[in-house]
Amino acid sequence: MPWKNAHVFSPSTFYVDRVCYTKILPQETPGNCIMRGIVTTLDMFECFKDKVGEVLLPGDVFSFELVPLDNKADKVICGPGLRRNGDEVLVCKSGILRHKPPNLYWIDSIQKRYVPAKGESVIGIVTVKSGDVFKVDVGGSEQASLSYLAFEGATKRNRPNVQVGDLVYAQFTIANKDMEPELVCIDSCGRANGMGVFGADGLLFKVSLGLVRRLLAPQSDIVKDLEKTFPFEMVVGMNGRVWVRARTAQQTLIVANLLESCENMTTQQRQALFRRVADRVT
Amino acid sequence: MRDGPNTHVGSMMDVAVSPVLALRKFGCEQSLLSRPDGSSSFVQGDTSVLAGVYGPAEVKISKEIYDRATLEVMIQPKVGLSGVRERAQEHCVRQTCEAALLSTLHPRSSLSLILQIIHDDGSLLSCCLNAACMALMDAGLPMSCLFCGVTCAIEQDGHIVTDPTSQQEKESRALMTFAIDSAERRVMMSSTRGSFSVNELQQCVALSQRASEEIFQFYRDSVRRRYSKTL
């Protein structure tokens with residue numbers, strides 16, 4: 001069952017994944033990674049600190065003096081939505097400025113369109129089978145390619161059974177603005193590790209990227225609340241696609257509707273709704 | 001200034017004498033459509049425009065630009081097909097959006113912006129620009145700065161009216177629309193009609209820049225309201 005431990009497997013430091021992966025893979029050059037720049041100054045901390053948790057708009061600027069520091073710990077890492085421009089940091093998306101100790105800053109925004117990023121796990125739909133690669137629609141601006149050898153146990157003789165229209169849970173190995181994105185369904189050890197083609201049944205639907213991040217966050221309260229209702233399986237792709245399967249079709253639909261309604265609800269509203277549903281269904 | 005109630009009367013009379021900023025009521029809603037990646041509706045008085053943004057999405061080979069995103073702007077009139085007037089407005093909006101967007105971050109992709117006119121009661125182009133900016137922001141597209149549109153009308157007697165209604169537009173001697181950026185309050189685009197002096201143009205630009213402050217503050221407030229639940 002490829003979906004069994006799907007959310008255990010998803011990146012645990014999920015909000016900052018785009019930055020994290022650049023740490024894991026040191027060979028990646030700053031040019032093609034998503035990390036916008038490492039700023040070496042202590043002054044930065046100060047000007048970011050007052051704004052953490054506030055809503056910022058494109059065009060807002062953090063100015064600071066550039067002081068070269070030897071100590072690596074003093075570097076500030078800017079994630080999505082922040083761009084370095086000379087000796088200032090420019091906000092280029094609207095959203096809330098978030099901070100993760102010690103020195104990670106990014107803009108948390110509500111978005112619908114997915115832009116592939118290296119290392120992210122997504123749910124794709126196979127659209128074309130051509131020769132030795134599959135074309136997979138992941139919701140980005142370009143279709144991603146998935147080699148038939150990038151499955152667990154696949155060899156030239158033993159091809160994986162993938163049909164057009166199948167869903168796959170896969171991870172990006174190449175994703176940058178200048179190249180065709182590439183997916184794999186194995187980890188670096190050659191194990192499936194939860195990835196692969198989906199089984200029958202289940203329901204696929206789309207939610208906003210903001211909600212997906214909230215679902216994948218390590219101690220997600222939405223998932224915790226949802227677990228209390230009834231048993232079901234869920235796979236969450238970073239591209240906003242969510243796959244759900246419960247015991248009956250009715251329960252599957254209930255989970256899907258609950259998740260979709262989470263988008264614009266406060267914690268109290270959500271918990272009240274979930275409780276009501278749990279009482280009705282069981 | 002000491003006698004409170006009278007100051008209101010005084011300021012109302014000033015409107016007729018010197019160019020005082022008088023913008024109509026704004027209204028804005030983001031993410032109101034489910035299909036597009038970003039959407040907004042912008043209301044200025046009785047003028048109302050609905051905007052939808054799709055992208056970065058797959059681009060037609062013929063329209064592909066190898067180092068940046070292709071931006072397409074479509075203005076749909078309230079009734080009938082879009083004609084030359086809409087084409088001219090589309091061009092203005094596209095030039096402005098291209099200047100604000102960091103389109104090099106999404107090369108070989110397409111961005112489409114669709115503006116549906118709900119009702120036209122003057123200052124249509126500026127309302128389109130405002131709706132476009134809010135929709136682009138909602139879609140989360142990288143932008144170097146925000147922009148807003150301000151329309152100024154010069155009446156027969158030389159008075160300048162900001163954000164005119166269609167009646168005021170009809171009676172005006174000259175009509176100008178400026179797009180102002182949020183970073184340095186510079187003019188990004190101007191579209192003018194009628195005859196005016198250089199001095200009047202400069203007055204209008206200065207007035208628009210002052211008006212833009214108010215609009216950008218409105219942008220900030222409405223985006224803050226939108227994120228208030230996730231704060």
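Below, read A as the first sequence line, B as the second, and so on, with proteins coming before strands; counting in each chain starts at 1.
The most heavy-atom pairs under 4.5 Å with chain B, out of A:R113, A:Q143, A:K112, come from A:R113. Between chain A and the residues B:S109, B:S144, B:S31, the most heavy-atom pairs under 4.5 angstrom are made by B:S144. With chain A as the partner, the residue from B:P107, B:A139, B:A100, B:S182 showing the most heavy-atom pairs under 4.5 Å is B:P107. Considering only heavy-atom pairs separated by less than 4.5 Å from chain B, the leading option among A:V91, A:L90, A:I110, A:L56 is A:I110. The candidate with the highest count of non-hydrogen atom pairs below 4.5 Å against chain A, out of B:L102, B:L146, B:L141, is B:L146. Annotation: maximal heavy-atom pairing with chain A below 4.5 Å, among B:G140, B:G38, B:P36, B:A183, occurs at B:G140.
A donor-acceptor contact shorter than 3.5 Å links the side chain of B:D163 to the backbone of B:R24. Looking only at distances, a side-chain donor or acceptor of A:N239 sits under 3.5 Å from a matching main-chain atom of A:I123. The backbone N or O of B:I75 sits less than 3.5 Å from a side-chain atom of B:E90, completing a donor-acceptor pair. Although no hydrogens or angles enter the test, the distance criterion places a donor-acceptor pair under 3.5 Å between the side chain of B:S39 and the main chain of B:L32.
Paired with B:F178 under the rule side-chain contact (heavy atoms from CB on, under 4.5 Å), one option of B:S126, B:C148, B:S190 passes, and it is B:S190. For the ring pair (Phe, Tyr, Trp, His ring centres under 6.0 Å) with B:F26, the lone residue among B:Y219, B:F218, B:F216 that qualifies is B:F218.
Note: A:Y105 and A:H99 have parallel aromatic rings, judged against thresholds of 30 and 60 degrees for the angle between ring planes. Ring geometry, A:Y114 versus A:F172: the interplanar angle falls under 30°, so the pair is classed parallel (tilted spans 30 to 60°).
Neither the backbone nor the side chain of B:S110 comes within less than 4.5 Å of any heavy atom of chain A. At a 4.5 Å heavy-atom cutoff, the contact between B:S34 and chain A is made by backbone atoms alone. With a 4.5 Å cut-off on non-hydrogen atoms, A:D60 touches chain B through its side chain but not through its backbone.
Under 3.5 Å, the side chains of B:D221 and B:Q217 contain a donor-acceptor pair of N or O atoms. B:K25 and B:Q44 share no donor-acceptor pair across their side chains, judged by distance under 3.5 Å alone. A donor-acceptor contact under 3.5 angstrom links the side chains of B:H119 and B:K78, judged on distance only.
Note that CZ of A:F205 and CG of A:L259 are 4.5 Å apart. Values are rounded to the nearest 0.5 Å. If you take OG on B:S166 and CG on B:D121, they are separated by 4.0 Å, rounding to the nearest 0.5 Å. Note that the CG atom of B:L23 and the OG1 atom of B:T151 stand 10.0 Å from one another [nearest 0.5 Å].
Scanning residues 128-138 of chain B against chain A with a 4.5 Å non-hydrogen threshold yields B:M137, B:D138, sorted by number. Within residues 55-71 of chain B, the residues having any heavy atom closer than 4.5 Å to a heavy atom of chain A are B:G55, B:P56, B:A57, B:E58, listed by residue number.
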